[in-house]
Amino acid sequence: MKKLVKIRNLIIIILCLTIICLGVGFAFLSMELTNVKNNNPEFALEFVKAEPRTPVKGGLKDPTVTSSITNYNQTINMEFNLSSPRDEIGYKITIKNNGTIPAEIINMVEKPDYIIDNLAASTIYPVTISHNDVIGKVLNPGDEIDLNVLAIFDYNAQPVDIKIPYQLSIIGKTPEN
């Protein structure tokens with residue numbers, strides 16, 4: 001009888017230790033799953049700010065520009081308003097990597113493309129639009145880069161009110177190592 005009690009107590013102790021081990025294992029697994037869930041790599045290359053630069057006034061009216069950031073911070077819409085020779089207005093657009101992994105800028109889609117497309121450029125003559133090259137730049141998480149867009153009214157042209165719609169969209173990817 002005493003031997004039977006000892007065996008029963010031993011079985012109870014083994015079952016209790018098994019339950020404790022299962023509880024500890026479940027807690028460890030739960031913590032690991034939470035860590036994996038919170039450390040998902042996130043890609044977020046975005047336009048975060050758009051600030052007009054000080055305009056250069058060539059005539060009586062100030063050149064102006066308006067903008068809005070749309071499409072989940074992937075597109076910026078602008079409208080330049082120029083009217084006189086020597087009018088100039090620039091825009092400083094900040095691109096930021098808000099993700100958790102590095103991001104590379106692989107293209108800036110312009111609509112209409114006044115820089116490469118001669119037909120589109122002729123529709124806004126005597127104004128030219130240009131910007132600095134940010135294609136190929138790699139941004140680490142939290143890094144920013146400035147894209148400077150400039151609209152210039154040709155100094156040899158006649159005064160005329162021109163409204164120029166312009167749209168830029170950013171395309172990025174994770175860089176290859």
Nearest 0.5 Å, what's the CG-CD1 distance between Leu17 and Ile12?
12.0 Å

Does Asn71 use its side chain to pair, donor to acceptor, with the backbone of Asn73 at less than 3.5 Å?
no

Test of understanding: clusters of I, L, V, M, F, W, Y form through side-chain heavy atoms closer than 4.5 Å, transitively. Do Tyr72 and Val109 belong to the same one?
no

Determine whether a donor-acceptor pair (N or O, by modelled atom type, separation under 3.5 Å) exists between the side chain of Ser84 and the backbone of Pro159.
no

Ile135 side chain near Asn107 side chain, heavy-atom distance below 4.5 Å:
yes

Closest approach of Val127 and Ala151, non-hydrogen atoms and distance?
CG1-CB, 4.3 Å

Lys61 meets the salt bridge (Lys or Arg N to Asp or Glu O under 4.0 Å) criterion, sequence neighbours left out, with Asp161

May I ask you to check whether over 12 heavy atoms, not counting those of Gln158, lie within 6.0 Å of atom CD?
no

Atom pair CG (Asn132) and CG (Asn148), whose distance is rounded to the nearest 0.5 Å:
5.0 Å

Heavy-atom count around Leu60 CG within 6.0 Å, excluding the residue itself: above 12?
no

Quick one: are Met108 and Ile170 in side-chain contact, heavy atoms under 4.5 Å?
yes

d(Lys173 NZ, Ile105 CD1) to nearest 0.5 Å is 12.5 Å

Ile152 vs Arg86 side-chain heavy atoms within contact, under 4.5 Å
no

Distance in Å, Glu88 CD paired with Arg53 CZ, rounded so as to fall on 0.5 Å steps
12.5 Å

Suppose the criterion is ring-ring contact (aromatic ring centres under 6.0 Å, His included): which pairs have a residue in residues 76-125, not counting sequence neighbours?
Tyr114-Tyr166

Hey, does Ile76 have a side-chain heavy atom less than 4.5 Å from the side chain of Ser169?
no

Thr70: what forms a side chain to side chain donor-acceptor pair (under 3.5 Å) with it, not counting sequence neighbours?
Asn77

Under the rule for salt bridge (Lys or Arg N to Asp or Glu O under 4.0 Å), what residues qualify as partners of Asp62, not counting sequence neighbours?
Lys57

Do Gln167 and Met78 come within less than 4.5 Å of each other through their side chains, counting heavy atoms only?
no

Please answer whether the main-chain N or O of Pro63 pairs with a side-chain N or O of Asn81 as donor and acceptor at a distance below 3.5 Å.
no

Using atom types as modelled and distance alone, determine if a side-chain donor or acceptor of Asp117 lies under 3.5 Å from a backbone N or O of Asp113.
no

Answer whether the closest heavy-atom distance between the side chains of Glu46 and Ile95 falls below 4.5 Å.
no

Under 3.5 Å: donor-acceptor pair, side chain of Gln74, backbone of Leu45
yes

What residues, two or more places apart in sequence or in another chain, satisfy salt bridge (Lys or Arg N to Asp or Glu O under 4.0 Å) together with Lys92?
Asp146

Would you say Val149 and Ile93 make side-chain contact, with heavy atoms under 4.5 Å?
yes

Would the distance check show the side chain of Asn97 and the main-chain N or O of Ile101 forming a donor-acceptor pair, the cut-off being under 3.5 Å?
yes

Salt bridge (Lys or Arg N to Asp or Glu O under 4.0 Å) partners for Lys137, two or more places apart:
none

Does any non-hydrogen side-chain atom of Ile124 lie less than 4.5 Å from one of Ile129?
yes

Should Phe43 and Ile69 be regarded as members of a common hydrophobic cluster, given that ILVMFWY residues are connected when their side-chain heavy atoms come within less than 4.5 Å of each other, either directly or indirectly?
yes

